[in-house]
Amino acid sequence: MCVGELFSSLFCYIKITFPQIFESVVFTSFSVMTNQEQLINDLPTQYDHIAAQERQMKFWEEKGFFHSDVNPNKRPYAVVIPPPNVTGMLHMGHALNDSLQDALVRMKRMQGFETLWVPGVDHAGIATQAIVEKRLLEQEGKTRWDLGREALVQRIWDWKDQYQARILSQLKAMGCSCDWRRLRFTLDDVCAKAVRAFFFKLFADGLIYRGKRLVNWDVKLQTAVSDDEVFHETTAGHFWYLNYPVVNPQEGEPKFVTVATTRPETMLGDVAVAVHPDPAGEFDRIEAALREKIETGSERDRDEAKAELDALMERRSKILPELIKLAEMAKMGRKVILPIQQREIPLIADVWAKPDKGTGCVKITPAHDPNDYEVGLRQKLPMINLLNRDGTYNENAGKYQGMPIKKVRTEILSELENEGVLIKTEDRTIEIATSDRSKTPIEPYLNDQWFVKMDKLAQTAMDAVTSGEVEIKPSRYAKGYLDWLSEKRDWPIGRQLWWGHQIPIWYCPDVEESVLQSAFAGRSDVLWRRNEANDGWLLCSQTENLKEDAVPGCTLKREEDVLDTWFSSALWPHSTLGWPDKTPELEYYYPTSALITSRDIISLWVARMVLAGYFNTGKKPFQQVFIHPKILDKYGEGMSKSKGNGVDPVAVMEKFGADALRFALVYLTTESQDVRLTLDFECPHCGSVIEQTKKNRTQHVIACPKCKKSFSTQWADTPEEKAFPLGPVVGERFEVARNFCNKLWNASRFVMINLDGFTPRSVSADELCVEDRWIISRLTSVAKRVTESLEQYKFSDAARTLYDFAWDEFCSFYVEISKARLYDDKRRELVQNVLLGVLDALLRLLHPITPFVTEEVWRRLADFAPVRGLNEPIQAAESITIAPWPVLDESNIDPEIEKQFSYFQEALRCVRDARARQNVPPRTEVEFVVKCSSEIADLLRPMGEYFKSMAASVVTQMGPDVEPPALSSNATTTAMEIYVDVADLIDISAEIQKKEKEVERLNGFIKSKEAKLSGSFVEKAPAQVVAKERESLDDLRMQRDVNLQTIERLRAAANARK
RNA sequence: GAGCGAUUAGUUCAGUUUGGUUAGAACGCCAGCUCGACAAGCUGGAGGUCAUUGGUUCGAGUCCAAUAUCGCUCACCA
């Protein structure tokens, strides 16, 4: 490199880093050496993650390294981000998800793929509208109806803009290398076009239908939600027994039918009382099943089954005769009277009434219970809907009209009690269906609903996985995916909301079809079909919002509902690339390469993307799906807002740096375990660590038990609370990762400090020393392993491999060992080459996981050595993001050299051990001898000098004929005995004690081996294994003998001393 | 009720696919170190019989079965 080159690279660097002092530097930079010194002075001993992140983020953004365009000369690698909801900020789960994606994407980019990572956010219909409505109510006391559709939607857009900006800045702060120019939002024009095209295509294929269905109704949000958005909560409830009088009871017939219910208020909607058609037979069946369980089940099951059987038999004798009678009456068409309304309803025979449950008879309320709904359909019963959309009772409830559900319940119960209908009340734990979105109870509600027929669509998504077209990793998650799809439940796609894609359906009054034909003559973007009541038309338009008067002579009315959020998310991999247009992007990047997501949306999202992908494009949306772990707290519970155990990734990044956050998360991502994060508070006043407990983690302000001062937490919201300084959340995992980044920084610092005046050159293999060839051999293996691990989504393995290599091998051995030659002018230059070459490759291998620190070092390194490389030195890329991924020649891997080096490591450990045991002061130089075979002595000899710098020890003799010094501290390994001459420093009794312990250990070892070798092991085990065991036994015996001799010698010396 | 996962050092986790020396790391702990990258560091040390029981095998942390505990998912409970 010439001076001019160096100067120009310095020039660039300074310009970027210190624009404010740019001019003065130019005028004072009269000598290259001065600048070298200046650059070194500019390397602090602690890595400054804040400065580095700011600088590199800006650099990447300005240079546009992450932008990707169709490039036929390169192979594409594409990933679409699971779009975060615009409901709030990113949490730890996102941080994990995005760290993993970025690691893959960055590696692929370096590997030379045309790499695209599409960023975006999701409008999250229900969740976002709910949050804005909640605020509206809290802050202005208004409901959405007060505001109106347009104004509310505008408010939600404002919210969306605000949160999208925050989400994007968080992603950038994490270093995510998304193509920001291709940002998509699930509600933007491009996505809207795709949604309409998808809907239109489904409509055209007859896969869209509308029907009255019992839906999960969220009375708070006033919308239907899907089964997947409902969770069940156990609470204390009651079981009420009601007597329904029989109409005209005959002689010997019961006068009442008793039913039990947990929801008495729904009785106004009762349309029948059911009894099993064959109660005796049903009892027999249940009995037989229990008996079988007793026969074959485990001990615990058996006891349970026995108890159940006893209860069943007792019950049978008690109620069977009456049930049989009731079944007969049902078959004769007899009726009972519904109390309160005094309405006659039929007694019916239906298998839904299980004789072993409740009273054996069950009231049927088809409009308010999913099972009763099925019975209603089966028995062709009327369905009486009692509810308004807001959860109050309607006109069918008579005098209860207008009352909310809870009130109706109390009123009805007291009325039933007064009438003598309520004969018994039992306490009972019941499960309440609750809306995941609004956390309010779900009411089964009969409503018009839009559905997508799933049978064929689901089948394509199942086939994709069973055939291996789409791979789900880890493979165990394929089962849940297939099970869910195999139910082929139709997909309810309508939501009674305002925030979302409005369903492109228009209702048209009954007109001649010719009217429609002429109104839309020549149009292929409008379709129509008779509605389900056959008294009008349903129109579907793909491209435009039809006007009210689009059909002459009648008024079109648009469907008000919007589509389920997942309807648009399902299109994400192809809608973001421009479908339905045949864009070059779609052609080139689709199917995408990998999808990285969490397990709780496998069915909601992944399955639907697969079926929508095939349906729309004929192709799968992605090759592979990787399901990553969940983040749990120290108690093993998932993180959630309600528990207060969530952690803000931004806070972690501020304290430890984005790289530390990423490295920690990647390091924890194993295939089988969830990520458990133990976190604690750090007092901002005194720095002491306060354990985070279930109790204090939701507090807004915490008093430090040590210094007694208060600090605020992430939950602080009032100005008084926020006035206290924020106590950061700290975690061991982040600390370890931060320390690692710092270690890397300092190793780099060491290399840079020692590079001045260095000119890289091509180094030939025979110039290299053992340690050089060793580190290059190890580096080559590590590079290979890291590549394989990342490609197989073994994230933890990649991080672990790099951590161990960088810290234990590169820093603890190579850097340390290099010092001796580095401070020797004659040998300096060769080591510089290797140090630089290995660091250069290590930085690139780490870059996908820790992008900022590696880029920071990479660009600084360019000021010291813009040309570098282990084989043929080349000009380094201006950014590590586009530097080539290290692929090293596998012939570098040399097991012989690795073995040779491991002898050195072993000897070094023995020397250090012996010194430490005898408390030899660190800088006191001692001599030692190595008794070993002459082969090993030859192998050790090239590294003999390094004992001095690494253990302040000098080896005086090596070989088989070495005589140990009389007073020595020794250590024995399989291949050598090492005697450190500590002369009068020695503590003989300590040394003897240690040796005796060692002999004891060896004896135990020997004993178990002897036993093994005298048994049938010798005959049955493979000869190779037996030989190896024999060899190892011999070796152990030898070690023991050496130790015994040492003890004797020490005892003799001790006596002589006396 | 069904399925899935986990159980290894004080703590958090590797190791189990393909069985083979008396099981590794990090943090913490103990002892000693400011030696020309790093105290967010260096060196050394102590600490576990791999949840339990049984089986297969010459040999089991690793394979099989059962049990226990924890977690997750789905379904159902008038």
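Convention: sequence-line order gives letters A, B, ...; per-chain numbering from 1.
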Query raised in the report: Are A:Trp484 and B:A2 close enough that a side-chain N or O sits under 4.0 Å from OP1 or OP2?
Result: no
Report summary line: Picking from B:C27, B:C58, B:A37, the nucleotide nearest the side-chain atoms of A:Phe750 would be B:A37
Query - Partner nucleotide of B:A31 by Watson-Crick or wobble geometry (both distances under 3.5 Å) - result: B:U43
Query raised in the report: Whom does B:U21 pair with, Watson-Crick or G-U wobble, provided both distances fall under 3.5 Å?
Result: none
**Report entry** salt_bridge(A:Asp674, A:Lys630) N-O dist < 4.0 Å
**Finding:** no
**Report entry** Lys/Arg N to Asp/Glu carboxylate O, A:Asp369 vs A:Arg263, below 4.0 Å
**Finding:** no
Report task. Return the value, rounded to whole Å, for the distance between atom CZ of A:Arg749 and atom P of B:A37. Result -> 8 Å
Query raised in the report: For B:A2, what is the paired nucleotide under Watson-Crick or G-U wobble rules, both distances under 3.5 Å?
Result: B:U73
Query raised in the report: Hey, does the side chain of A:Asn739 come within less than 4.0 Å of B:G41's phosphate (OP1/OP2), counting only N and O?
Result: yes
Report task. Answer yes when A:Glu1029 and A:Lys1009 have at least one side-chain N-carboxylate O distance shorter than 4.0 Å, and no when they do not. Result -> yes
Query raised in the report: B:C4 base to A:Lys479 side chain: any donor-acceptor pair below 3.5 Å?
Result: no
**Report entry** Minimum-distance nucleotide to A:Lys1012 side chain [options: B:U43, B:G20, B:G5]
**Finding:** B:G20
Query raised in the report: Parallel, tilted or perpendicular for A:Phe928 and A:Phe947, by the 30°/60° rule?
Result: perpendicular
Report task. Check every atom of B:A37, B:C33, B:U43 against the side chain of A:Tyr823 and return the nucleotide holding the closest atom. Result -> B:A37
Query raised in the report: Going by atom types alone, do A:Glu856 and A:Tyr47 pair a side-chain donor with an acceptor below 3.5 Å?
Result: no
Query raised in the report: B:C74 C1' sits how many Å from A:Ile602 CD1, rounded?
Result: 12 Å
Query raised in the report: Can you tell which of B:C58, B:A40, B:C4 lies closest to the side chain of A:Asn742?
Result: B:A40
Report summary line: Closest to the 5' end of RNA chain B, once A:Ala916 and A:Asn1003 are matched to their nearest nucleotides, is A:Asn1003
Query raised in the report: Does A:Arg912 use its side chain to pair, donor to acceptor, with the backbone of A:Met950 at less than 3.5 Å?
Result: yes
Query raised in the report: Of the nucleotides B:C58, B:C42, B:G5, which one has an atom closest to the side chain of A:Lys743?
Result: B:C42
Query raised in the report: Please give, in whole Å, the distance from B:C35 C1' to A:Lys948 NZ?
Result: 14 Å
Query raised in the report: Atom CG of A:Asp372 and atom P of B:C76: how far apart are they, to the nearest Å?
Result: 14 Å
Query raised in the report: What is the distance, rounded to the nearest whole Å, between atom CG of A:Leu485 and atom C1' of B:U73?
Result: 15 Å
Report task. Return yes if the base of B:A14 and the side-chain atoms of A:Arg800 contain a donor-acceptor N/O pair under 3.5 Å, otherwise no. Result -> no
Query - A:Gln46 (side chain) and B:A40 (base): donor-acceptor pair under 3.5 Å - result: yes
Report task. Could you state the atom-to-atom distance from CG of A:Leu679 to P of B:U12 in whole Å? Result -> 13 Å
Query raised in the report: Rounded to the nearest Å, what distance is computed from the CD atom of residue A:Glu487 to the P atom of nucleotide B:G3?
Result: 15 Å
Query raised in the report: How would you label the contact of A:Arg476 with the nucleic acid (heavy atoms, under 4.0 Å): base, sugar-phosphate, or nothing?
Result: sugar-phosphate
Report task. Would you mind classifying the nucleic acid contact of A:Glu816 as base, sugar-phosphate or nothing, using non-hydrogen atoms under 4.0 angstrom? Result -> base
Report task. Would you mind telling me which residue lines up with the more 5' stretch of RNA chain B, A:Asp797 or A:Arg1001, judged by nearest nucleotide? Result -> A:Asp797
**Report entry** Nearest-Å distance for atom pair OH/P, residues A:Tyr803 and B:G24
**Finding:** 19 Å
Report task. Tell me what A:Thr670 touches on the nucleic acid: a base, only sugar-phosphate, or nothing, going by heavy atoms under 4.0 Å. Result -> sugar-phosphate
